[in-house]
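So you know, we letter chains A, B, ... as the sequences are listed, proteins then strands, and number each from 1. For clarity, every value in this text was computed on a predicted model and none was experimentally measured.
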Number of protein chains: 2
Amino acid sequence: MLTLNQLRHFHLVAETGNFAQAARLAHITQPALSNSIRLLEEKLALQLFDRRDRPVRLTAAGRELLARSQTLLSESRNLEKSISYMSEGSVGHLRIGMTAVSSASIGGEILARWCGDRPGLSADVTVANTPILLDMLRDETLDLVIGEARDLPKSTTDFETEALPLQSGGAFCRDGHPLLGKAALEFSDLLPYRFAGSHFPTVLLDELAQHFGLKDRREIRIAIDCDNIAVLRDAVANSDLILLTTRACIRNALATGQIRQLPVEIDVNAVWQAITLKTSVPHPAIPDLREVIREATRPRPA
Amino acid sequence: MLTLNQLRHFHLVAETGNFAQAARLAHITQPALSNSIRLLEEKLALQLFDRRDRPVRLTAAGRELLARSQTLLSESRNLEKSISYMSEGSVGHLRIGMTAVSSASIGGEILARWCGDRPGLSADVTVANTPILLDMLRDETLDLVIGEARDLPKSTTDFETEALPLQSGGAFCRDGHPLLGKAALEFSDLLPYRFAGSHFPTVLLDELAQHFGLKDRREIRIAIDCDNIAVLRDAVANSDLILLTTRACIRNALATGQIRQLPVEIDVNAVWQAITLKTSVPHPAIPDLREVIREATRPRPA
DNA sequence: CCGGATTACGCGAACCGTAACAATG
DNA sequence: CATTGTTACGGTTCGCGTAATCCGG
């Protein structure tokens, strides 16, 4: 059975044409190297070097072996390097799940920071509702999920959760919306209009309703519930719908003035959690990714 | 230091998801395999399998390693196969030297037979004069040479030579050449015309001159000495030059009637040798190639 | 005679097998 | 309780190092 070490030794001798020098490079003594090569030749039933005169030279069979084992050795060097990087979590492929809002708000920045200066790392992002993402996490189709805190099951014994800083949210409307002219805006002023947003957890609606003293959460009428932020943005920009989401999620539309924030205090601040499976062995790069997520979600001056 | 065996074991477990089955495939006992994997995990400082529930599953790091070591393992399988073929000489790359005439006469047939039904074999053919080819053989730029016997040095201690069957040669001219009409043609009848051929050894000319009782070999006037058979063929087809070469070398032109053989008995039969370097370790495929050369040069009914 | 390769021999680590133990379902 | 994986232990092999020998320039 062929071993990588013997191949390495063979290559060193072939390249240097000198057993002594090759032995130094292999960090073994000359006799040991001599033995290694001899055993290799016996194992292969092929004479690899012509030792009749110095310097020793490759035989025809030796040249063949050299050429044919070149890729194998370079592959092995690559793998060893990859492994050393893997141990420190600086290489690998992660499968990350995000909700629509979190992906649109901070997903890009997280991935930019994370992949940007880590050439060995790559990611696969799945956008779905938190319950779906959690299912995928459970059967290890995902390595990490950024999900809505409100959608987490009460008993989180099998999840390693970490609450992320509050993402400031609010109510948004198109430029020129009737409500923008109104002074001292209250939440009740919004109720005549219908709402748009991405995946409203019923708990959130209940909280809102309770907070503003509504009898029934159905007084907050949902017109569009969509996982695609672009759809929501365009729908709200061209109608009187009110968008409930985070500021970061529509920062471009806010910057262009296409969409404006309504000056009303409402509790739609997003609470997100970075979630991994406690019962699974984490990818070595996970701690690093968590650190990047913390940095990217840290509240900063606007 | 990574070993191929450990990687193989790892792959077997990863593919079967079952230590017992993998152990059977690896032809070792289950505890031995268990140890092998454990040592690998310790060496890499990475947990590769999650053993908390059955069947055991790959961890994220294990998936990475599996993906990244895939090519390495398949390369190693390829190499082992190549080596087993190499031992029996059924794979490799040979550098063959031939003279212009021998290459044009039998080179194609030899290579067709040799490479044709041996998918692992390939060749590099150099066409040059015998002395040049012998030099290349000496410094191992070539593995085998088919050269002119007459050009071999007298002392052939460092060459392994093998005479090939005589290749019938003769004098050839264009269709409609004046000599073709003459009855009872003799060699002296040819002397008014000049000759063409590929690399005339002076010994050959001396022999011819002596054989036909000429005072000076310069009575045989050489018009063209060229290593390119196509050049000679076309030159002779369009002039009254007489071509000295083997029949096989111009068999196509003979078949089309473009060139005709002069009915004169002359001793330009080619004597070729298959030559290798005795002082070098031969390529494993050499004996096989020699056999093919013998077959291809064996005299056959025209 | 010197640099460089091989042979001879002893030791330690690695690896496998057997047997006993532990955990999962 | 049966299947499957781990731990413990003994024996063999493999690979390296030291020392002595051999060989080519």
Side-chain angles (χ1 to χ4, degrees), chain A residues 1-59 62 73 76 80 138-140 158 279-281, chain B residues 1-59 62 76 80 139-140 157-158 278-281:
Chain A
M1 200 73 96
L2 199 61
T3 72
L4 280 177
N5 238 348
Q6 284 179 320
L7 269 189
R8 274 190 274 261
H9 292 165
F10 165 67
H11 271 244
L12 286 174
V13 178
E15 282 158 14
T16 62
N18 183 317
F19 276 69
Q21 193 180 342
R24 281 192 294 275
L25 293 174
H27 306 292
I28 59 175
T29 59
Q30 193 189 65
L33 181 71
S34 195
N35 242 317
S36 179
I37 300 292
R38 188 177 54 81
L39 287 174
L40 180 64
E41 288 182 324
E42 285 175 12
K43 185 149 49 180
L44 306 187
L46 284 172
Q47 190 175 342
L48 301 174
F49 292 101
D50 188 343
R51 302 164 167 82
R52 277 171 303 192
D53 40 29
R54 248 58 74 92
V56 292
R57 281 218 312 254
L58 278 173
T59 63
L73 271 193
S76 91
E80 299 223 331
R138 266 191 213 93
D139 55 63
E140 301 195 30
D158 50 347
T279 58
S280 117
V281 181
Chain B
M1 200 74 94
L2 198 61
T3 72
L4 281 176
N5 235 350
Q6 283 178 321
L7 269 188
R8 274 190 273 260
H9 293 165
F10 165 67
H11 271 244
L12 286 174
V13 178
E15 282 158 14
T16 61
N18 183 317
F19 276 68
Q21 192 180 343
R24 281 191 294 276
L25 293 174
H27 306 293
I28 60 174
T29 60
Q30 194 189 62
L33 181 69
S34 194
N35 245 315
S36 179
I37 300 292
R38 189 177 53 80
L39 287 174
L40 180 64
E41 290 181 323
E42 284 174 12
K43 186 149 48 181
L44 306 186
L46 284 172
Q47 190 173 344
L48 301 174
F49 292 101
D50 189 343
R51 303 164 166 81
R52 276 171 305 194
D53 41 28
R54 252 52 78 88
V56 292
R57 281 216 314 252
L58 278 174
T59 63
S76 90
E80 300 223 332
D139 54 66
E140 303 194 29
T157 54
D158 50 347
K278 197 184 292 179
T279 58
S280 119
V281 181

So if I take the C1' atoms of five pairs at each end of the helix from C:dC1-D:dG25 to C:dG25-D:dC1 and get each local axis, what angle do the two axes make, rounded to 10 degrees?
30°
Identify, residue by residue, the members of residues 12-19 of chain B with a heavy atom below 4.0 Å from DNA chain D, and return them in order of residue number, or none.
B:Asn18, B:Phe19
Hey, what do you get for CG (B:Leu2) to OG1 (A:Thr3), rounding to the nearest 0.5 Å?
11.5 Å
Among D:dT6, D:dT7, C:dT6, which nucleotide sits nearest the side chain of B:Arg38?
D:dT7
On a heavy-atom basis, the closest approach of A:Ala22 and A:Thr16 is CB-OG1, 3.7 Å
For B:Glu41, which residues count as a side-chain hydrogen bond (donor to acceptor under 3.5 Å, both in side chains) partner, sequence neighbours excluded?
B:Arg51
Between atom CZ in B:Arg51 and atom P in C:dG25, what is the gap in whole Å?
15 Å
Set out, line by line, the N/O atom pairs under 3.5 Å between protein and nucleotides 14-20 of chain C.
residue	atom	partner	partner atom	Å
C:dG17	OP2	B:Thr29	N	2.7
C:dG17	OP2	B:Thr29	OG1	3.2

From CG of B:Asp50 over to P of D:dG5, roughly how many Å is that when rounded to an integer?
13 Å
Expressed as a whole number of angstroms, how long is the span from B:Glu42:CD to C:dA13:C1'?
14 Å
Atom pair distance, as rounded to whole Å: CZ in B:Phe49 and C1' in C:dT24:
18 Å
Distance, rounded to the nearest Å, where A:Leu2 contributes CG and D:dG15 contributes P
12 Å
Interatomic distance, A:Asn5 atom CG to A:Ile28 atom CD1 [nearest 0.5 angstrom]:
7.5 Å
Side-chain contact, heavy-atom cut-off 4.5 Å: B:Glu140 with A:Leu58?
no
Non-neighbouring partners of B:Gln30 that pass side chain to side chain contact (heavy atoms under 4.5 Å, CB included), sequence neighbours left out:
B:Phe19, B:Ala20, B:Ala23
Just to verify, what does B:Asn18 make a side-chain hydrogen bond (donor to acceptor under 3.5 Å, both in side chains) with, not counting sequence neighbours?
none
Can you sort out the partners of B:Arg8 under salt bridge (Lys or Arg N to Asp or Glu O under 4.0 Å), two or more places apart, ordered by chain and number?
none
Figure out the CG/P separation between A:Leu25 and C:dG4, and round it to whole Å.
14 Å
Using distance only, find each side-chain donor-acceptor pair of residues 42-50 of chain A under 3.5 Å and give its atom names and separation, not counting sequence neighbours.
residue	atom	partner	partner atom	Å
A:Glu42	OE2	A:Arg38	NH1	2.9
A:Lys43	NZ	A:Met1	O	3.1
A:Lys43	NZ	A:Gln6	OE1	2.9
A:Gln47	NE2	A:Phe49	O	3.0
A:Asp50	OD1	A:Arg52	N	3.2
A:Asp50	OD1	A:Arg52	NE	3.1
A:Asp50	OD2	A:Arg52	NH2	3.0

Test side-chain hydrogen bond (donor to acceptor under 3.5 Å, both in side chains) applied to B:Ser36 - qualifying residues, sequence neighbours left out:
B:His9
Show the nearest heavy-atom pair for residues B:Pro55 and B:Gly17, with the distance to one decimal.
CB-O, 3.6 Å
